[in-house]
Protein chains: 2
Amino acid sequence: MSRSKPTIDDVARMAGVSRATASRVINNAPGASGPLRVRVHEAVARLGYRPNEAARALASGRPRVVDVIAVSCNLPGGWLGSNPYYSRVLAGMMPLLEGMGAQLRVHALSHESAAEALDEIAAGVTLGAVLSDITPALAARFHRRCRRVVSLVPTAATVPAMVADNIGGAYTAVTRLHRLGRRRIAAIHGPAISTCAADRRIGHLRAVQRSGLADISADAAFTREGGYDAAQRLLAQHPDLDAVFVACDLMAAGVVQALTAHGRRVPEDVSVIGFDDSVAAICANPPLTTMRLPVEEMAAAAVRLLVSGDISPGHRELFPAELILRQSTARMSKVGPGIAGS
Amino acid sequence: MSRSKPTIDDVARMAGVSRATASRVINNAPGASGPLRVRVHEAVARLGYRPNEAARALASGRPRVVDVIAVSCNLPGGWLGSNPYYSRVLAGMMPLLEGMGAQLRVHALSHESAAEALDEIAAGVTLGAVLSDITPALAARFHRRCRRVVSLVPTAATVPAMVADNIGGAYTAVTRLHRLGRRRIAAIHGPAISTCAADRRIGHLRAVQRSGLADISADAAFTREGGYDAAQRLLAQHPDLDAVFVACDLMAAGVVQALTAHGRRVPEDVSVIGFDDSVAAICANPPLTTMRLPVEEMAAAAVRLLVSGDISPGHRELFPAELILRQSTARMSKVGPGIAGS
DNA sequence: GCTATCTGTGAGAGCGCTCTCGCCCGTATC
DNA sequence: GATACGGGCGAGAGCGCTCTCACAGATAGC
């Protein structure tokens, strides 16, 4: 008995059929049938045969790999830093891929190496690529090289995308603060390079204009420190602020820390709403009300589109943001422990 | 001009050399040289040639894929939940893999599907697998099927592993609390199924015995809610506690929330130390002192071992935990804003 | 009973690459 | 100048699989 892995020829020999028939049975393609199917299956089981994926990919030309590409444009500290967003993206894709026997390949690219690396990936044998973090320029370039691409972040209109309703989400958040009776509502926005940040900024502005409020806002990096510092600045300029809309939870956690350090109570004195519904939101003290994006669903939809194959330039689907109520916007009366809704 | 991707034959033809020579140059193997190398490189550049990975893997038999396997045994809410730990694992591996042109394949398995899935993966063509979350039993089973395995979590002695010094880390944390003058030190441990949790429990116990302190402890799930509830229970039974060692930051964030809700100030009344140095630690209010594990380094070391090939059963390397000081254990005097050390 | 139409099966040609082997040519050795 | 050696190079045989195609054998139509 040979020490090496059994091949489809071994299976065919054992089953007493040709390699072609064995292949047909294994891929349950039509044209093989009856007792032969049984015999082949028996042989597979007895030999513990597993198809060699590389050979399959080579012979069929039909890949079974989905690439996930992240070019960190938002986050300092390098890719994936400690951002659970990527975890959610992967988590959304895995069950689907697992189910169809496809594999997931992760590419983390620095901004500098991205251009060449994208070419490399585009040339690869892949079902397609999910862009989970990328600048519009790079996304467009990538799409030009490789049509089978779906972006999870806003990009040029030609690139197929699953886009989250960042504008609507920000609008909802600010409106919520207004309904809570807040009138000095500040906003802390993310860096301009991020299209998500830009959209959230637009949503905020619309809500502010619609409500006839002053536009009190500051920019910051998408980090806890960014939020902390921005809150301090805002507090210095507008000591009377009574609510803060923050463009991401990580920043929002820093905002809450800054407010506490400056003697403001959350939510009694200042209401805070974050964005993303990340771990940062539940770990902040008090836990943060936030806008949740259906990241898992978006990632899954991206995979489905990729696999379906009929992916046209400009295809896009919009996913709404959901308001998750926690203590940072609780009404004044009773502030119970835990993550109670308001 | 053909619409399809250029192959190595196209390169060879354009460079006026044989396929073998082209291959030698592309893989910069010895035996090709001088002007030919230049010509081949030129042809590659002109054609935009990229080797087909599937064909490479098939022909060489030498795979260029590293599998990362996570069977969620710790986390509720499914795989990867929102746990940045996985992000750190991936982040640690990516630069290395990217550098050697290898790919990373992610497998997220549920506990039920794991057994068969592991067999499937073991049969695949892979440089090896990094087990980032798995029970000892499954890890051992996997190691039996596929020798090229490195675990990042404690397992049976035969399975090669990069192990974090959870025992020492917990010991350090508790000792720190003791040195701070705390004498009623409580601990909140993770679920028994997790070997990390078990080790942290051992470290805590050693420190407690060594310091002659009482063993005040509670068990909880590795979640914010788990920490919150456990802290409440502990507080009810031991209202005089003045420090809490918590087996993970996510729980610790909940602990801080519970302490605050019950009128305890952190760190003035109660010192808190978490574990992992995750996002949860910096988002908690106040930010948490915590034990940091060199997860990225461990993951990178795992890849290096896998690639080196000389991976013997029982191989293991120990990685120390590092104390990261933040406000939750700051000395009473001045509690400045931000993440100041103590 | 003969050609036409199936369906089930096997032979065999690749997929794009790596790698062994042997050839050729240049230099060292006698 | 003939023999040995060695390094650069090309020919060609696979790697394990898929898939086309041709060929049997069975059924149908005239």
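Letters go in sequence order (proteins before strands), and every chain restarts at 1.
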For A/Arg56 and A/Glu53, run salt bridge (Lys or Arg N to Asp or Glu O under 4.0 Å): C-alpha distance rounded to whole Å, both residues' side-chain angles, the deciding distance at 0.1 Å, then the answer. CA-CA 5 Å; A/Arg56 257 188 178 178; A/Glu53 284 304 329; 3.5 Å; yes

Distance-only, no hydrogens or angles: does the B/Asn52 side chain make a donor-acceptor pair with backbone N or O of B/Ala54 under 3.5 Å? yes

Would you check if the side chain of B/Arg148 reaches a backbone N or O of B/Ala129 as a donor-acceptor pair within less than 3.5 Å? no

Given 3.5 Å as the limit, does a donor-acceptor pair link the side chain of A/Arg316 with the main chain of A/Val159, or not? yes

Supply the atom-to-atom distance B/Leu97 CG to B/Arg105 CZ, rounded to the nearest 0.5 angstrom. 12.0 Å

Would you check if the side chain of A/His41 reaches a backbone N or O of A/Arg37 as a donor-acceptor pair within less than 3.5 Å? yes

Indicate for each nucleotide in nucleotides 11-23 of chain C, in 5' to 3' sequence, whether protein heavy atoms under 4.0 Å reach the base (B), only the sugar-phosphate (S), or nothing (-). BBBBBBBBB----

Backbone N or O of B/Ala29 within a donor-acceptor pair of the B/Asn27 side chain at under 3.5 Å? no

Quantify the bending of the helix from C/dC2-D/dG29 to C/dC30-D/dG1 as the angle between its end axes, each fitted on five pairs, to 10°. 50°

Distance in Å, A/Asp10 CG paired with A/Leu47 CG, rounded so as to fall on 0.5 Å steps: 6.0 Å

Contact list please: residues 38-46 of chain A against DNA chain D, heavy atoms, distance less than 4.0 Å, in numerical order. none

Which heavy atom of A/Pro136 sits nearest a heavy atom of A/Thr195, and at what distance? CG-CG2, 3.7 Å

If we ignore hydrogens and angles and just use 3.5 Å, is the side chain of B/Arg147 paired with the main-chain N or O of B/Ser312 as donor and acceptor? no

